[in-house]
Amino acid sequence: MKVLVIGGGAREHALCRSLSQDPAVTELHCAPGNAGIARVAALHPVDQSDGAAVTALARELGADLVVVGPEAPLVAGVADPLRAAGIPVFGPSAEAAQLEGSKAFAKDVMAGAGVPTARSYVCTTEQEAAEALDAFGAPYVVKDDGLAAGKGVVVTEDRAVALEHAKGCDRVVIEEYLDGPEVSLFAITDGTTVLPLVPAQDFKRALDGDQGPNTGGMGAYTPLPWAPEGLVEEVLATVLQPTVDELRRRGTPFSGLLYAGLALTSRGTRVIEFNARFGDPETQVVLARLRTPLAGVLLAAANGTLAGLEPLRWDEDAAVTVVLASEGYPANPRTGDPIEGLDEAEADGTAFVLHAGTTSGAAGEVLTAGGRVLSVTATGADLAEARAKAYAGLAKISFKGAQHRTDIAAKAAQ
Ligand code: AMP
């Protein structure tokens, strides 16, 4: 099978790593990729959101499957011309990707499907926003309706800050605050059948102890020893299947990866948000535990044949990933610094490095090229062992101003 992966972050590196280990995959390509992905896939400098260019590349390569990683190309509709050309594609249509592209659309689908989520108002004027803030009270939750790369959500006790964020957006969703721990649950779907993966938890804040600004994610782990028994079955029955059924009923079937961000509140499980693609950094740890070869699963989703697939097989091991970010992330990441110790971090085989914002310099050196630069992932008999191995690998890598959290999976490992 010839596979083309679209994207160039750590999520795509994780996907490419798993695909490269699948004996069914004979050729692996990635566009645009990054310096780490270049070790396992042939890179192509194509604009990932240009549907015509991506389709032309897939045709030229004779791709049997195209996997679209990030949300921006999905919301831009890159999967549509691929499907129209008869090329199997893992990732939803532009219409179905609105589940992530518009928070208001997602709320509407959830209302139609009876999926439990925070009560909310969609507001387009300052007056409406002010009234909604007062209706719910503090803490205030204000979400930009559109895609904002993890920066569109403000959760604050300060009404003025909340209102200021609302004023900066064309359309906002203001909703009730959800307490309780968060869980990320991914599911692979062909639009009808839904296959949940193992739950994971990520760490959104930049600093230890969940302090500092929201980021794209600073680390993740799986399994969740503290999660209630039957959580996956409950979320499949009350969230994932009804949402997939509702989108099919509306004539916009969703195929690809449905990501439910959940809060386990005192009043039950609630959806915080949906994403229309694998999450980063949870993908790093979830795929580290998946034993079923990946390409066949993604192809079955693309072809609408998931119902015939054998149940997924998982490692009993735990997995932990820690993100190394550049100085100034998330506000003003510094780039262009040489990264040392990449080979040393992987030398004894206990941890592996997945690149996010990296590029190759003129002399073949690897340079930082983004906010989240890379992540170091390890598996172990339990979370404590996986955590120790991931941090030992991370300690060997350095670049100017590198920052990371020291408490990823710490509580859960105790
Ligand atoms: P989102 O982009 O919707 O996932 O929001 C980013 C982060 O903001 C989430 O992971 C939560 O930590 C927080 N958040 C979003 N919505 C709520 C809510 N209704 N109550 C509490 N925290 C929230």
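Note that ligands are numbered from 1 as they come in the structure, with each ligand's atoms numbered from 1 the same way. We count residues from 1, following the sequence as given.
With a 4.0 Å cut-off on non-hydrogen atoms, V141 touches ligand 1 through its side chain and not its backbone.
If you number the atoms of ligand 1 from 1 as listed, the ones under 4.0 Å from a heavy atom of K143 come out as 3 (O), 15 (C), 16 (N). Which parts of ligand 1 touch K103 is read off a 4.0 Å heavy-atom cut-off, strictly below it: atoms 1 (P), 2 (O), 3 (O). Against a heavy-atom cut-off of under 4.0 Å, E182 is close to the following atoms of ligand 1: 9 (C), 10 (O), 11 (C), 12 (O). The distance from ligand 1 to the heavy atoms of Y177 drops below 4.0 Å at these ligand atoms: 20 (N), 21 (C). When each atom of ligand 1 is checked for a heavy atom of E273 under 4.0 Å away, the hits are 1 (P), 2 (O), 3 (O), 4 (O). Counting atoms of ligand 1 from 1 in the listed order, those under 4.0 Å from a heavy atom of K204 are 10 (O). Near E175, meaning under 4.0 Å from any of its heavy atoms, are these atoms of ligand 1: 16 (N), 17 (C), 18 (C), 19 (N).
The shortest non-hydrogen separation linking L264 to P228 is CD1-CD, 3.8 Å. Nearest heavy atoms, M218 versus I408: O-CD1, 3.8 Å.
For the residue pair E282 and Y259, a side-chain donor N or O sits within less than 3.5 Å of a side-chain acceptor on the partner. Side chain to side chain, S93 and R83 fail the donor-acceptor criterion of an N or O pair below 3.5 Å. Residues S255 and D190 have side chains that never bring a donor and an acceptor to within less than 3.5 angstrom of each other.
Below 30°, between 30° and 60°, or above 60°: for H44 and H29 the angle between ring planes is between 30° and 60°, a tilted geometry.
Residue E176 places a heavy atom under 4.0 Å from ligand 1.
Figure legend: cation-pi geometry between R17 and F352, with NZ or CZ positioned under 6.0 Å from the six-membered ring centre and within 45° of its axis.
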